[in-house]
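This chain uses plain numbering: 1 for the first residue, then up along the sequence.
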Amino acid sequence: MKKKNLVRRYIVFLFGLFISSLGVAFVTKASLGTSPISSIPYVLSLKFTPTLGVFTINFSLFLILLQIIILGKKFNKIDLLQIPVSILFGYFIDISMFLLTWVNSDIYVVKVLYLLIGCVILGFGVYLEVIADVLMLPGESFVRSLTIRFGVDFGITKVCFDASMTVTAGIISFVLFNAINGVREGTIVAALIVGLIAKFFGKHLAFLTKLLIPQSTTDETTEHKENTNNLVVTIARGYGSGGREIGKLVADKLGIKYYDKDIITLTTEQSGNTEHYVENNEQKIANSAFYNFYSQFYYEGAESTKCDKLFNVEKNVMIDLASKGDCVILGRLGNFIFKDYKNALHIFIDSNIENKIARVMKRDNLSENDAKAKIKRVETERKNHCKHFSNREWGATSTYDLTLNSSKYSVDEIADIIVSLVKSKFNK
């Protein structure tokens with residue numbers, strides 16, 4: 001990384017750190033609790049002389065010490081930068097608390113408003129820290145150390161860590177005050193929505209990301225050796241529409257490679273997962289609302305979800321295969337991955353529900369009701385998967401070069417249409 005770019009990233013990170021401290025202060029000033037990571041320092045500051053910022057510094061240093069103990073020789077020396085960052089963050093919090101002395105109300109609705117404003121500000125600060133991509137704060141870094149040492153899932157561990165901080169703060173509060181102070185509904189709200197807000201900013205502020213960190217938004221395809229002379233035909237399809245059969249036929253007629261199961265095999269080899277896992281987890285997100293909530297705990301720069309990792313490995317496999325020669329690639333958001341390839345043709349195959357049910361009943365030996373339910377389930381998973389990774393609507397005609405209805409044309413006729421288009425457009 002060039003020195004100038006690294007300096008830019010640290011400036012963005014420090015600005016994000018201050019914005020985050022402002023968010024923490026706003027949430028705290030709402031008097032409905034504070035963020036989970038700040039809950040223990042906040043409760044202690046209510047009883048003892050040191051400020052919230054000073055207790056935050058000491059708590060952060062304690063978490064850094066735990067990281068060193070847990071990781072031992074695996075502890076990266078660069079992570080010692082957490083120490084000055086923690087000190088700076090603590091002072092930022094105290095400065096922010098001072099700047100927000102005017103935030104004080106006994107009206108519950110106003111408190112809720114302050115809480116939500118604080119969560120938005122905190123989410124924006126987290127977004128800036130993430131795009132800077134230079135350092136993690138002690139809370140997230142501590143969770144990462146547990147995942148490295150014990151091989152546990154980051155998202156689940158992060159949830160447990162936040163919950164344990166909140167419960168511990170509640171116990172300390174009860175011991176000190178014989179009541180629960182400093183941990184309230186605002187703590188839960190902050191835990192639930194700050195990550196989602198940060199992800200929202202990440203998705204919808206691409207222009208700002210490009211402005212602040214230009215290299216971070218360089219088109220991902222430029223990271224790979226792209227052979228622009230190779231033909232790539234991507235075929236997406238409704239479940240039960242015959243897209244796989246059509247894809248194979250197109251490849252045969254053109255005399256080029258066809259990739260479907262090969263992608264699963266190569267992804268298995270490169271991801272370290274079993275073939276069964278890859279086959280049962282690619283191209284699908286069952287519940288988008290739950291996934292968005294779960295994945296927010298990965299957004300703070302530490303890890304990718306298993307689904308994200310799988311998609312990235314599979315994407316690289318597909319790009320590598322396309323670089324080796326002309327090919328037909330089935331599904332897996334090929335129209336998104338190869339959207340900037342000049343010699344790419346993107347096809348979507350669909351059919352009416354009656355034809356899809358009949359094909360799935362015959363192929364999978366299912367009853368009519370079971371076939372209909374399976375089609376609905378698989379297509380919902382594909383829609384969620386498409387929306388999450390491409391921010392596009394699955395099956396939207398504007399994202400394909402050609403959409404064909406297999407209930408009106410035979411498999412051979414559709415294959416011939418595609419082949420004819422390829423030959424006329426790409427001189428193949």
Would you call the rings of Phe13 and Tyr10 parallel, tilted or perpendicular if under 30° counts as parallel and over 60° as perpendicular? perpendicular

Distance alone, cut at 3.5 Å: any donor-acceptor contact between the side chains of Ser21 and Ser96? yes

Does any non-hydrogen side-chain atom of Val167 lie less than 4.5 Å from one of Ile172? no

Do side-chain atoms of Asn343 reach the backbone of Leu231 as a donor and acceptor pair under 3.5 angstrom? no

Exercise: identify the closest heavy-atom pair between Ser20 and Glu129: OG-OE2, 2.7 Å

Please tell me whether Gln270 and Glu314 have a donor and an acceptor in their side chains that are separated by less than 3.5 angstrom. no

Is a side-chain donor-acceptor pair under 3.5 Å present for Tyr114 with Lys29? no

dist Glu393:CD -> Thr399:OG1 (nearest 0.5 Å) comes out at 9.5 Å

For Arg363, is the CZ atom crowded, meaning more than 12 foreign heavy atoms sit under 6.0 Å from it? yes

Output for pair (Phe26 CZ, Leu99 CG), nearest 0.5 Å, gives 11.0 Å

Establish, from distance only, whether the side-chain atoms of Glu282 and Thr267 form a donor-acceptor pair under 3.5 Å. no

How about Val24 and Tyr42: do any of their side-chain heavy atoms sit closer than 4.5 Å? no

How about Lys248 and Glu245: do any of their side-chain heavy atoms sit closer than 4.5 Å? no

In Å and rounded to the nearest 0.5 Å, what is the CD1 to CD1 distance from Ile347 to Ile235? 6.5 Å

Do the non-hydrogen side-chain atoms of Asp133 and Arg9 ever get within less than 4.5 Å of each other? yes

Side chains of Leu116 and Ile193: closer than 4.5 Å at any heavy-atom pair? yes

Which word best sums up how the rings of Phe161 and Phe142 line up, parallel for under 30°, tilted for 30 to 60°, or perpendicular for over 60°? tilted

Can you find a pair of side-chain heavy atoms, one from Thr268 and one from Thr274, that are under 4.5 Å apart? no

Under 3.5 Å, is there a donor-acceptor pair linking the side chains of Thr34 and Thr28? yes

Distance (rounded to the nearest 0.5 Å) between Met361 CE and Asn369 CG: 9.0 Å

Can you tell me if Asn230 uses its side chain to pair, donor with acceptor, with the backbone of Ala322 under 3.5 Å? yes

With no hydrogens and no angle check, is any side-chain donor or acceptor of Arg382 less than 3.5 Å from a backbone partner on Gly395? no

From the options Ile93, Thr101, Ile95, select the one residue that forms a side chain to side chain contact (heavy atoms under 4.5 Å, CB included) with Met97. Ile93

Taking Thr56 for its side chain and Gly90 for its backbone only, find out whether a donor-acceptor pair lies under 3.5 Å. no

Would you say Asn76's side chain and Asp79's backbone share a donor-acceptor pair under 3.5 angstrom? no

Distance col, row Tyr91:OH vs Ile87:CD1, nearest 0.5 angstrom, shows 7.5 Å

Any side-chain heavy-atom pair from Tyr258 and Val250 closer than 4.5 angstrom? no

Would the distance check show the side chain of Arg392 and the main-chain N or O of Lys387 forming a donor-acceptor pair, the cut-off being under 3.5 Å? no

With a 4.5 Å limit on heavy-atom distance, are the side chains of Leu61 and Ile64 in contact? yes

Return the orientation label for the Tyr127 and Phe201 ring planes: parallel under 30°, perpendicular over 60°, tilted otherwise. tilted

Using only atom types and a distance under 3.5 Å, with no angle test, would you say the side chain of Arg359 pairs donor to acceptor with the backbone of Gly240? yes

Backbone N or O of Val183 within a donor-acceptor pair of the Thr187 side chain at under 3.5 Å? no

I'd like to know if the side chain of Ser35 pairs up with that of Ser38 as donor and acceptor (distance under 3.5 Å, no hydrogens or angles considered). yes

Quick check against the 3.5 Å criterion: does Thr380 have a side-chain atom that pairs as donor or acceptor with the backbone of Lys376? yes

Just to verify, which of Phe348, Phe336, Phe338, Trp394 counts as forming a ring pair (Phe, Tyr, Trp, His ring centres under 6.0 Å) with Tyr400? Phe348

So Phe311 and His385, would you call those rings parallel, tilted or perpendicular, with 30° and 60° as cut-offs? perpendicular

Verify whether one side chain among Ser141 and Gln67 offers a donor that lies under 3.5 Å from an acceptor in the other. yes

Compute whether any side-chain donor of one residue and acceptor of the other, for His276 and Asn280, lie under 3.5 angstrom apart. yes

Might you confirm whether atom CZ of Phe62 has over 12 heavy atoms from other residues, nucleotides or ligands at distances under 6.0 Å? no

Glu368 atom CD, neighbour heavy-atom count above 12 within 6.0 Å: no

Any donor-acceptor N/O pair, Thr51 side chain to Ser45 backbone, under 3.5 Å: no

Can you tell me how far OG1 of Thr265 sits from CG of Asp260, rounded to the nearest 0.5 angstrom? 9.5 Å

For Ser407 and Asn405, test the side chains for any donor-to-acceptor distance below 3.5 angstrom and give the result as yes or no. yes

Please report the shortest heavy-atom distance between Gly53 and Asp94, naming the atom on each side. N-OD1, 2.9 Å

